[in-house]
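One structure is given below, encoded as structure tokens.
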Amino acid sequence: MSSEAKALAPELPAFEVERALSLVRGWPLGLRLVLLAMRKGLRPELALESAEGLLAYLGQALPKEVLDRASRLALLGEVDEEEGAFLLPYAEDLLLERREGRICFHPLVRSALKALLPEGEARGLLARAAEAALARGEGVRAAEFLLEAGRFGHAADLLLKEGEGWLARGLTYTVLRLLGHLPEGVRRGRAGLRLLEAEALRQAGRYREAEALYREALEAGEERAYLGLVRLFLDTVEPARAKPFLEEALRRFPGLARPLLAENLLNEGRAGEAEALGFSGPRLFLRQGRPAEALELLKRAEDPGLHRPPQNHREGSLLRALLECVAGDAEEGLRFAERGRFEAEALGSPFGLSLAEARKGHALLALGRLREAEASYRAALALSEGGPARLRVEALGGLAALGDDGAYREMVRLSRASGDLWVEGFLTLVVALARLRLGEEFPLGAFPAPDPFLEALARAYPFRDGWEEVLERYPFLAGRTLFAPPLARLRRALWRLRRLPVPYHPGVRVEVRALGGFEVRVEGRPVRFRREKARLLLALLTVRDWEKEDLLEALEATPGEFRVLWWEVVNALEPGRPKGAPPYFLRTRPYGLNLEAPELYLDLRDPALPPLSPYRGLDHPVLDEAARAYLEERRRGLLQSPRPEDWLLALRLDPLDEAALGRLRGTALYEKGLRLRHKAEAELEGD
């Protein structure tokens with residue numbers, strides 16, 4: 001649906017498109033009408049009542065007598081099914097919805113049918129309907145009928161009386177729509193309406209418009225607008241901007257403003273002062289450096305449901321997603337991020353949608369699914385377009401974790417501009433740990449230490465020997481989390497704590513890359529062997545396990561020479577290894593690689609890599625045979641794949657393979673396959 005929306009109104013920011021989608025709730029015709037109206041400058045909550053073009057469609061689809069009777073019933077919005085039974089054969093054309101014995105009209109259809117009634121008759125029917133709705137306690141319906149009947153003063157007074165209650169029930173767009181119908185003269189005489197609209201705009205994520213209206217309300221003498229402005233900057237996590245309004249609110253409304261002060265102190269990173277003022281809950285624990293306790297507390301929290309205003313960064317599922325990524329399991333974090341996105345869509349919260357994508361990115365980052373993480377972070381940035389600047393911070397931190405230094409600088413700038421140094425420290429460590437897992441040490445510099453947990457991580461970085469006490473205090477660092485150290489350094493710490501049943505652990509990651517040429521890397525740095533035979537020995541160990549006599553024969557080495565070569569390989573893979581410690585990455589009896597070691601990567605075992613001929617540059621019959629066997633196995637595997645792209649890869653391995661070319665027949669890649677075949681045949685003829 002979003003792609004369709006962008007095609008209809010490409011100039012609208014993604015933030016605005018998501019608002020339109022939340023209004024129409026999946027109705028394609030409604031989406032089209034709303035977006036076209038928004039392109040003309042019409043507010044989206046009013047666009048659904050623009051019946052332009054729909055009445056002509058209904059006139060063609062329905063008999064006149066049905067339209068006449070339907071117009072009177074439609075004016076009421078919904079009627080008993082028995083009363084409207086004659087409309088059921090036309091339910092599809094009229095977009096009718098049957099709900100618990102009632103027939104409901106879509107607002108756009110209702111507006112179109114209303115145009116068929118004489119104005120006087122319509123006003124009388126609406127006035128009576130308003131009185132009946134008020135008697136039943138249905139204030140929203142009464143306000144709608146009053147507005148349509150032209151009784152604007154009565155509708156305005158009803159909004160002043162009940163509007164805040166409607167907002168508390170999550171009826172954000174309903175309140176905005178009702179307010180949008182009031183004439184300026186009626187609004188001008190009631191300053192409270194300006195404040196009510198500002199509150200509704202804040203809930204809808206339209207922060208710039210809300211701020212402007214709060215300021216207008218202040219100029220009109222409505223001092224409660226100070227509280228509204230503070231709530232706005234609590235929503236957007238901008239404590240520096242909240243401060244001046246908070247000071248004024250504390251002077252005028254100390255009881256109401258004190259909880260807001262506590263939350264703003266928390267957003268500044270002053271968790272102790274926030275707690276002293278009575279702030280509590282998972283967000284407090286997180287910013288106090290107690291993420292595991294925060295997670296446990298949130299797991300026990302009651303689900304608030306979806307009949308309420310959106311809570312932005314306070315949303316339970318989105319906060320749970322973050323806490324799972326910090327102190328739980330990133331797979332759970334991913335599940336709660338996706339759940340949070342669903343909730344944000346249901347609540348019509350563009351802020352929540354963007355944050356959900358950022359939290360999804362965090363989970364994918366912790367799981368090592370880096371391409372997917374980048375896609376989520378970029379989606380979060382796109383959805384933040386038109387929203388508050390602070391909303392971009394987590395997505396920028398995620399991109400920085402994947403190597404974008406410009407994104408890191410922008411994340412720091414926005415964090416400092418908002419006055420939230422805790423989030424700067426938090427995301428800086430997310431970046432540092434992600435880069436470290438990718439083999440790069442990130443300079444922490446003068447790191448702000450906003451809580452004991454982050455301070456402990458900063459002191460332990462880059463997690464060489466001596467950080468075991470941190471792991472004992474925060475055991476979740478050993479799981480799939482944002483702050484997990486590289487696996488090799490983690491397992492080294494577990495070995496030092498005597499929790500890993502191996503006689504020795506070197507604390508490094510080894511990559512053996514045989515595809516193409518032959519290269520070995522330790523902690524990302526290439527290994528240079530002093531003897532070419534030592535390099536050949538390691539290459540032979542990648543082929544299979546060996547009895548010592550067979551290995552000596554393959555190397556054409558004496559036992560004494562073999563001993564020298566063996567220890568050269570061991571010491572190259574395990575720098576700093578103490579004398580007498582048994583090898584970790586190699587094993588004897590038989591001789592071979594310790595392929596069970598999770599810190600050892602052998603590209604020959606990676607099915608995601610494109611097939612290349614291994615061991616190029618190494619001249620040995622065993623390696624030549626192993627290369628042929630590897631390529632044949634990969635070719636057979638590619639031919640068993642359902643993807644034509646893999647069949648083409650199989651043909652590249654053997655351009656004369658009839659089976660591979662036959663598989664490609666009838667696909668878009670057949671011509672490429674033919675060209676490969678013809679080129680190979682021409683080369684054979686040339687020989």
field: Derivation of the side-chain contact (heavy atoms from CB on, under 4.5 Å) call for Leu454 and Phe426
entry: CA-CA 7 Å; Leu454 298 181; Phe426 179 90; 4.1 Å; yes
task: Under the side-chain contact (heavy atoms from CB on, under 4.5 Å) rule, what do Glu671 and Leu676 come out as? Steps first, then yes or no, please.
output: CA-CA 9 Å; Glu671 291 298 325; Leu676 284 174; over 6 Å; no
- prompt: Going through the distances and angles, do Arg390 and Val423 end up as a side-chain contact (heavy atoms from CB on, under 4.5 Å)?
  reply: CA-CA 10 Å; Arg390 175 64 173 74; Val423 83; 3.6 Å; yes
message: Could you go through Arg320 and Glu315, starting from their C-alpha distance and side-chain angles, then the distance that decides it, and tell me whether this counts as salt bridge (charged side-chain N to carboxylate O under 4.0 Å, His left out)?
response: CA-CA 8 Å; Arg320 175 78 180 269; Glu315 296 289 359; over 6 Å; no
- request: Dump the intermediate steps for side-chain contact (heavy atoms from CB on, under 4.5 Å) on Leu286 and Trp422, then the final yes or no.
  value: CA-CA 10 Å; Leu286 174 61; Trp422 182 88; 3.9 Å; yes
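The CD atom of Glu343 lies 10.5 Å from the CD atom of Glu345; values are rounded to the nearest 0.5 Å.
A cation-pi arrangement is absent between Arg643 and Trp647 under the rule of less than 6.0 angstrom and at most 45 degrees off the ring axis. No cation-pi contact links Arg489 to Phe463, judged by a cut-off of 6.0 Å to the six-membered ring centre and 45° from its axis.
Of the candidates Phe453, Tyr474, Phe476, Phe483 forms a ring-ring contact (aromatic ring centres under 6.0 Å, His included) with just one, namely Phe453. None of His362, Lys360, Glu372 except one satisfies the side chain to side chain donor-acceptor pair (under 3.5 Å) rule with Tyr377; the exception is His362.
There is a side-chain donor-acceptor pair under 3.5 Å between Tyr584 and Arg491. A side-chain donor from one of Arg283 and Asn267 sits under 3.5 Å from a side-chain acceptor of the other. Between the side chains of Ser613 and Tyr630, no donor N or O sits under 3.5 Å from an acceptor N or O.
For the pair Leu482/Leu433, no side-chain contact is recorded, criterion being any heavy-atom separation below 4.5 Å from C-beta on. Under the 4.5 Å side-chain criterion, counting only non-hydrogen atoms from C-beta, Glu469 is in contact with Arg473. Side-chain contact between Tyr408 and Leu427: absent, with no pair of heavy atoms (C-beta onward) separated by less than 4.5 Å. The shortest distance between side-chain heavy atoms of Val510 and Glu599 does not fall below 4.5 Å. Between Glu293 and Leu297 the shortest side-chain heavy-atom distance does not fall below 4.5 Å. No side-chain heavy atom of Glu440 sits under 4.5 Å from any side-chain heavy atom of Leu438. In this structure, the side chains of Leu551 and Leu541 come closer than 4.5 Å at one or more pairs of heavy atoms. Side chains of Leu538 and Phe518 form a contact here, defined as non-hydrogen atoms less than 4.5 Å apart.
For the side-chain hydrogen bond (donor to acceptor under 3.5 Å, both in side chains) test, no residue two or more places apart in sequence or in another chain qualifies with Arg530. For Arg416, the salt bridge (Lys or Arg N to Asp or Glu O under 4.0 Å) test picks out Glu424, with sequence neighbours left out.
Using a 4.0 Å cut-off between charged side-chain N and carboxylate O, Arg335 and Glu331 make no salt bridge. The pair Arg287-Asp451 does not count as a salt bridge, with every side-chain nitrogen at least 4.0 angstrom from each carboxylate oxygen. Taking the charged nitrogens against the carboxylate oxygens, Arg663 and Asp646 have no contact shorter than 4.0 Å, which rules out a salt bridge. Under a 4.0 Å N-O distance rule, the pair Glu441/Arg435 does not qualify as a salt bridge. Using a 4.0 Å cut-off between a side-chain N of Lys or Arg and a carboxylate O of Asp or Glu, Glu268 and Arg270 qualify as a salt bridge. A salt bridge does not link Arg378 with Glu357: every distance from a Lys NZ or Arg NE/NH1/NH2 to an Asp or Glu carboxylate oxygen is 4.0 Å or more. Glu468 and Arg496 are joined by a salt bridge, as a carboxylate oxygen and a charged side-chain nitrogen come within less than 4.0 angstrom of each other. A salt bridge between Glu532 and Arg535 is present, with a side-chain N of the basic residue lying under 4.0 Å from a carboxylate O of the acidic one. With salt bridges taken as basic N to acidic carboxylate O contacts below 4.0 Å, one links Arg509 and Glu511. Using a 4.0 Å cut-off between charged nitrogen and carboxylate oxygen, Arg341 and Glu338 do not count as a salt-bridge pair. A salt bridge links Arg677 to Glu658: one of the charged nitrogens lies within less than 4.0 Å of a carboxylate oxygen.
Although no hydrogens or angles enter the test, the distance criterion places no donor-acceptor pair under 3.5 Å between the side chain of Glu568 and the main chain of Phe529. Judged by distance alone, the side chain of Ser384 and the main-chain N or O of Gly387 form no donor-acceptor pair under 3.5 Å. Counting only distance, with no hydrogens or angles, the side chain of Thr542 and the backbone of Ala539 share a donor-acceptor pair below 3.5 Å. Side chain of Arg359 to main chain of Leu318: a donor-acceptor pair is present (N/O by atom type, distance under 3.5 Å, no hydrogens or angles). In terms of modelled atom types and a separation under 3.5 Å, the side chain of Arg513 and the main chain of Tyr601 share no donor-acceptor contact. In terms of modelled atom types and a separation under 3.5 Å, the side chain of Thr588 and the main chain of Pro590 share no donor-acceptor contact. Of the possible polar contacts, one joining the His620 side chain to the Ala554 backbone as a donor-acceptor pair under 3.5 Å is found. Side chain of Trp546 to backbone of Arg544: a donor-acceptor contact under 3.5 angstrom is found. Side-chain N or O atoms of Asp404 include none that pairs as donor or acceptor with a backbone N or O of Leu399 at under 3.5 Å. In this structure, the side chain of Ser376 does not engage the main chain of Ala373 through any donor-acceptor pair within 3.5 Å.
In terms of heavy-atom proximity, Leu540 sits nearest to Leu555 at CD1-CD2, 3.9 Å. In terms of heavy atoms, Pro485 sits closest to Trp467 at CG-CH2, 3.5 Å. Nearest heavy-atom pair across Pro282 and Leu319 is CB-CD2, 4.0 Å. Across every non-hydrogen atom of Val527 and Ala572, the tightest pair is CG1-CB, 3.7 Å. Pairing each heavy atom of Leu396 with each of Ala407, the nearest pair is O-CB, 3.5 Å. Taking each heavy atom of Leu651 and Asp657 in turn, the nearest pair found is CD1-O, 3.6 Å.
With a 6.0 Å radius and a threshold of 12 heavy atoms from other residues, nucleotides or ligands, Lys299 has its NZ atom above the threshold. In this structure, Arg563 places its CZ atom where only 12 or fewer heavy-atom neighbours from other residues, nucleotides or ligands lie under 6.0 Å away. Shown here is Glu633, whose CD atom has no more than 12 heavy atoms of other residues, nucleotides or ligands within 6.0 Å. No more than 12 heavy atoms of other residues, nucleotides or ligands sit less than 6.0 Å from atom CG of Asp619. A 6.0 Å sphere centred on NZ of Lys672 holds no more than 12 heavy atoms belonging to other residues, nucleotides or ligands.
Within the structure, every pair that satisfies the salt bridge (charged side-chain N to carboxylate O under 4.0 Å, His left out) test and touches residues 545-560, not counting sequence neighbours, is listed here: Asp545-Arg587.
Classified by interplanar angle (parallel below 30°, tilted 30° to 60°, perpendicular above 60°), the ring pair Phe351/His313 is tilted.
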